[in-house]
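Data block below; observations after.
Residue numbers begin at 1 in each chain, while the letters A, B, ... track the order of the sequences.
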Amino acid sequence: ETGVTQSPTHLIKTRGQQVTLRCSSQSGHNTVSWYQQALGQGPQFIFQYYREEENGRGNFPPRFSGLQFPNYSSELNVNALELDDSALYLCASSLSNSYSGNTIYFGEGSWLTVV
Amino acid sequence: QQQVKQSPQSLIVQKGGISIINCAYENTAFDYFPWYQQFPGKGPALLIAIRPDVSEKKEGRFTISFNKSAKQFSLHIMDSQPGDSATYFCAAKTSYDKVIFGPGTSLSVIP
């Protein structure tokens, strides 16, 4: 149990729709990041938030956006869904990003299927 | 240069045997190398991690060997058990930056 909870666990959306995924980070963790994991691949970094500010972004288009709230929970929003967006979306939290050795805890993910 | 390479893609080991997974990196700025274990339907969980100033780290049956000059590191699982069957990801990280994952190794330990 990592203390990182994600919702929903599974969902199915139609191409062109929008989706919001939610994450509650471990208590006291002010850094949250989102990863996309396609079937059979390693997680790919989408973006990271530190104290409500985005401070890092991977190679994902602007239709992937996010928010971090004052309680450090977070949302991932994806607009204009495409079939290739079907994947496991992982939220991860850590105490801070100033030290590379701070353990990053992953949630169990949200499985998104786009049809 | 941000890539982490990992091999083999899949591995079958008999119970009690040694599982070895190898990784390589290019970016010398990486200063933290974690290994993650992922079971089907679950998120990755930190297994063991090492810094490049250490050549070896052991935790129970799991050992990381690190070769800084070759920019390579490996995970050894001693006395492999069926419960170790999972996908293993090596990864690399710097401060203030994302975790870069390798493509993963699917390990099956057969009785």
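- Heavy-atom contacts from other residues, nucleotides or ligands closer than 6.0 Å to CD1 of B:Ile12 number 12 or fewer.
- For the pair B:Gln38/A:Leu88, a side-chain contact is recorded, criterion being any heavy-atom separation below 4.5 Å from C-beta on.
- Heavy atoms of other residues, nucleotides or ligands lying less than 6.0 angstrom from CD of B:Gln14 number 12 at most.
- For B:Val4, no part lies under 4.5 angstrom from a heavy atom of chain A.
- With a 6.0 Å radius and a threshold of 12 heavy atoms from other residues, nucleotides or ligands, A:Leu83 has its CG atom above the threshold.
- For the pair B:Phe89 and A:Gln37, the minimum side-chain heavy-atom distance is below 4.5 Å.
- With hydrophobic clusters built from ILVMFWY side chains whose heavy atoms lie under 4.5 angstrom apart, B:Ile20 does not share a cluster with B:Tyr25.
- Of the possible donor and acceptor atoms, none in the side chain of A:Tyr105 sits under 3.5 Å from a partner among the backbone N and O of B:Ala45.
- Using a 4.5 Å cut-off between heavy atoms, B:Tyr36 contacts chain A through its side chain alone, with no backbone atom that close.
- Between B:Leu46 and A:Ile104, the closest side-chain pair of non-hydrogen atoms is not below 4.5 Å.
- Minimum interatomic distance between B:Pro44 and A:Leu90 (heavy atoms only, all atoms of both residues): CD-CD1, 3.7 Å.
- For chain A, the nearby part of B:Pro103 is the backbone; its heavy atoms alone come within less than 4.5 Å.
- When the candidates A:Gly109, A:Gly42, A:Pro43 are compared by the number of heavy-atom contacts under 4.5 Å with chain B, A:Pro43 comes out ahead.
- Proximity to chain B (any heavy atom under 4.5 Å) is restricted, for A:Tyr35, to the side chain, taken from C-beta onward.
- With a 4.5 Å cut-off on non-hydrogen atoms, A:Gln44 does not touch chain B at all.
- More than 12 heavy-atom neighbours from other residues, nucleotides or ligands sit within 6.0 angstrom of CZ on A:Arg63.
- Atom CG of B:Asp53 sits in a crowded spot, with more than 12 heavy atoms from other residues, nucleotides or ligands closer than 6.0 Å.
- In summary, the aromatic rings of B:Phe101 and A:Phe45 are positioned with their centroids too far apart to meet the 6.0 Å limit.
- There is no contact between B:Gln6 and chain A, counting heavy-atom distances below 4.5 Å.
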